[in-house]
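Take a look at the structure set out below.
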Amino acid sequence: MAEVAEQEIPWWKKWLEETGEQVSFLSGFFRNLFSGGFEWSEFVRQCYEIGYKSFTLVGITSFIMGVVLTLQSRPTLVKFGANSMLPLMVCVSIIREIGPVITAIICAGKISSGIGAELGSMKVTEQIDAMEVSGANPMQYLVVTRILATTLMIPLLTLMGDVLGLFGGFLAVNLSDHMSWMLYFNKCVNSVGFTDLLPAIIKTVFFGFAVGFIGCYKGYNSNKGTESVGIAANSAVVSASLWIFFLDVVAVQITQLLFY
Amino acid sequence: MEEIKQDIKQPQKASETKTDEVVVELKDIKKAFGSKVVLKKVSLTLKRGENLVILGRSGQGKSVAIKGIVGMLTPDEGSLKVFGDEVANMDEKQLKTLRTKVGFLFQSGALYDSMSVRENLEFPLTRVLKIHDQQDLDKRVEEVLSSVGLKDAIDKMPSDLSGGMRKRVGLARTLILKPEIMLYDEPTTGLDPITSREISELILEMQKKYKTSSIIITHDMECAKITSDRLIVLNDGEFVAEGTYQELEKSDKEFIRSFFK
Ligand SMILES: Nc1ncnc2c1ncn2[C@@H]1O[C@H](COP(=O)(O)OP(=O)(O)OP(=O)(O)O)[C@@H](O)[C@H]1O
Ligand SMILES: [Mg+2]
């Protein structure tokens, strides 16, 4: 009986079930967040790990994106005689879209999968069970700290990436025209307003939350067995990336509604 | 340790610590995973101060049976009481209190591999007993480590330890909370005979020193002989025999006797 039932579960039922599990994991997170006993030292350690691990990759990628974006946009702008608009264009694209999304996607690949694999292997080797059974709180120690750390660090990494991307743009502008750093900087500052910066920062907070949450959820709920560690890491990257694009679309709609 | 070794030469049961107070009671427990029925109808009682050994072939559901006691798994049917309270009806807080009183030694040791041995042992102290005085922590950690004979390993990482050492650290981490009930899942599997004997002696010592009640799952007959007040044999989802080591050794069932060869 039971066997037949297992095979006949349709995909939408599984999807609903998984969504339900995610919702209860989310409520577990919030319950633990406000229940006291916050693990400060583990939180700081996670912030350091997450920031430090992705710092170089995010920096290099953002810098190169700044250079490439500038070089590729230039010919089009020159055609319209608008090459003085170049800093503005680069700046707006990086701050609004490229910086946040590139950083978040890199972090989905590096951090989300890392958390998924780490918690997955802790699950497989019964470390999470051991924590729970000893009366300690693994949600508090493992999950709350990691999700908060990504929620804090990914916006910071994005800001750093933005700055390096703009610097890359400045160097690229100087390959063909001469423009002083002061002038470039002024043009950038004048082109970016509050309505560009604020929505961008808010959405990176959500990206950060998604990266941490998906990694933790996949790892924490992985099955027993060694192959499930790989599955947890892999599906964490896929889901986190999809969530980032989904949130990005939502963020654009909301920003349009509110500011334009 | 020394004093215990003396005892072992002439195995001496700690039955004097046993009382009639029932601390764990499983009644007609049934547990299935999907279509696979692991436990059909399992009943057992553990009295305070008693060492109960569960024997059974691999994959018969021994681990599943004891995981219910700390609420890691919920039985499909039947009643499971610890200290007289039904585990399935406990809320989160009650379950947490229960878990501080029941120690569980995992088959794999389950050391936290991102932490050193010291941090592994401090974890339950700071998180569960909320002890934050460093001197007190050090004292307790050293005490429990020396009782498992691993004082030198205090600053090592789990990945630098041998299988036997991991198991002993796992044991130390469970004992450090001084639980009233200990559940040992194959405490000696994969260890050399000498270390196995030391662990078995340690289990006996704990029983005497702290009056712990224990359930010990094992395939190691020497461990069973040293530690057991009573043995039960699990087969096909049911307990098929019960008695002392000497009784079961002379059982008239071939299957039961085969464990003792
Ligand atoms: N969480 C679980 N989900 C699905 N099946 C499980 C789960 N836990 C245990 N089982 C199944 O239950 C059966 C009994 O497992 P258990 O670990 O209790 O065996 P065991 O008697 O402890 O064996 P061993 O001596 O090898 O440790 C196995 O067939 C196992 O596949
Ligand atoms: Mg087992």
Side-chain angles (χ1 to χ4, degrees), chain A residues 1-9 24 27-28 31-32 34-46 48-50 53 114-115 117-146 149 219 223-226 229, chain B residues 32-37 63 66-73 76 92-115 119-130 132 158-159 166 169-171 173-179 181-183 185:
Chain A
M1 268 303 279
E3 227 162 52
V4 178
E6 257 167 55
Q7 284 163 0
E8 278 177 3
I9 296 176
S24 83
S27 75
R31 230 179 321 121
N32 280 291
F34 297 116
S35 72
F38 187 67
E39 298 274 355
W40 279 104
S41 64
E42 176 67 8
F43 170 71
V44 171
R45 196 176 74 88
Q46 286 302 325
Y48 173 75
E49 289 257 311
I50 288 165
K53 258 190 211 159
I115 293 176
E118 189 186 6
L119 296 195
S121 77
M122 287 187 77
K123 179 86 185 194
V124 171
T125 55
E126 298 183 310
Q127 292 175 51
I128 293 183
D129 288 337
M131 242 178 231
E132 206 167 315
V133 161
S134 76
N137 186 344
M139 272 304 265
Q140 184 74 261
Y141 183 75
L142 299 170
V143 175
V144 171
T145 51
R146 280 168 175 75
N223 295 324
K224 302 272 163 96
T226 353
V229 176
Chain B
F33 293 103
S35 57
K36 188 168 188 277
V37 181
S63 301
I66 63 166
K67 277 181 181 167
I69 298 174
V70 281
M72 258 192 289
L73 292 171
D76 302 336
E92 219 165 290
K93 209 167 171 189
Q94 289 169 310
L95 199 56
K96 204 168 168 172
T97 316
L98 169 71
R99 285 170 171 175
T100 60
K101 292 189 201 159
V102 182
F104 195 111
L105 176 67
F106 281 82
Q107 205 165 342
S108 58
L111 298 187
Y112 310 137
D113 45 31
S114 60
M115 303 178 202
E119 289 163 334
N120 259 282
L121 295 174
E122 282 177 357
F123 192 88
L125 291 178
T126 52
R127 273 31 177 229
V128 181
L129 299 186
K130 315 267 184 218
H132 293 285
S159 52
R166 282 160 161 262
V169 176
L171 185 57
R173 193 182 63 193
T174 318
L175 293 176
I176 206 164
L177 291 176
K178 310 232 162 81
I181 302 175
M182 273 296 300
L183 308 171
D185 198 346

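Order of the sequence lines fixes the chain letters, A, B, ..., with proteins taken first and strands second; residue numbering starts at 1 for each chain.
The two residues A:Asp129 and B:Met72 make their nearest non-hydrogen contact at CB-SD, 3.8 Å. Listed here is the closest heavy atom pair of A:Gly135 and B:Val128: C-CG2, 3.6 Å.
Take B:Tyr112 and apply the ring pair (Phe, Tyr, Trp, His ring centres under 6.0 Å) test, not counting sequence neighbours, and it matches B:Phe123. For B:Asp113, the side chain to side chain donor-acceptor pair (under 3.5 Å) criterion is met by A:Gln127, not counting sequence neighbours.
The greatest number of non-hydrogen atom pairs below 4.5 Å with chain B, out of A:Glu132, A:Glu126, A:Met122, is found for A:Glu126. Interface summary for chain A: among B:Thr97, B:Leu111, B:Thr100, B:Leu98, the most heavy-atom pairs under 4.5 angstrom belong to B:Leu111.
For A:Glu39, the part sitting under 4.5 Å from any heavy atom of chain B is the side chain, from C-beta outward, and nothing else. Residue contact with chain A, scored on non-hydrogen atoms closer than 4.5 Å, is absent for B:Leu105. Only the side chain of B:Lys67 comes within contact range of chain A, with heavy atoms under 4.5 Å apart.
Considering OG of A:Ser134 and CZ of B:Arg127, their distance stands at 10.0 Å, rounded to 0.5 Å.
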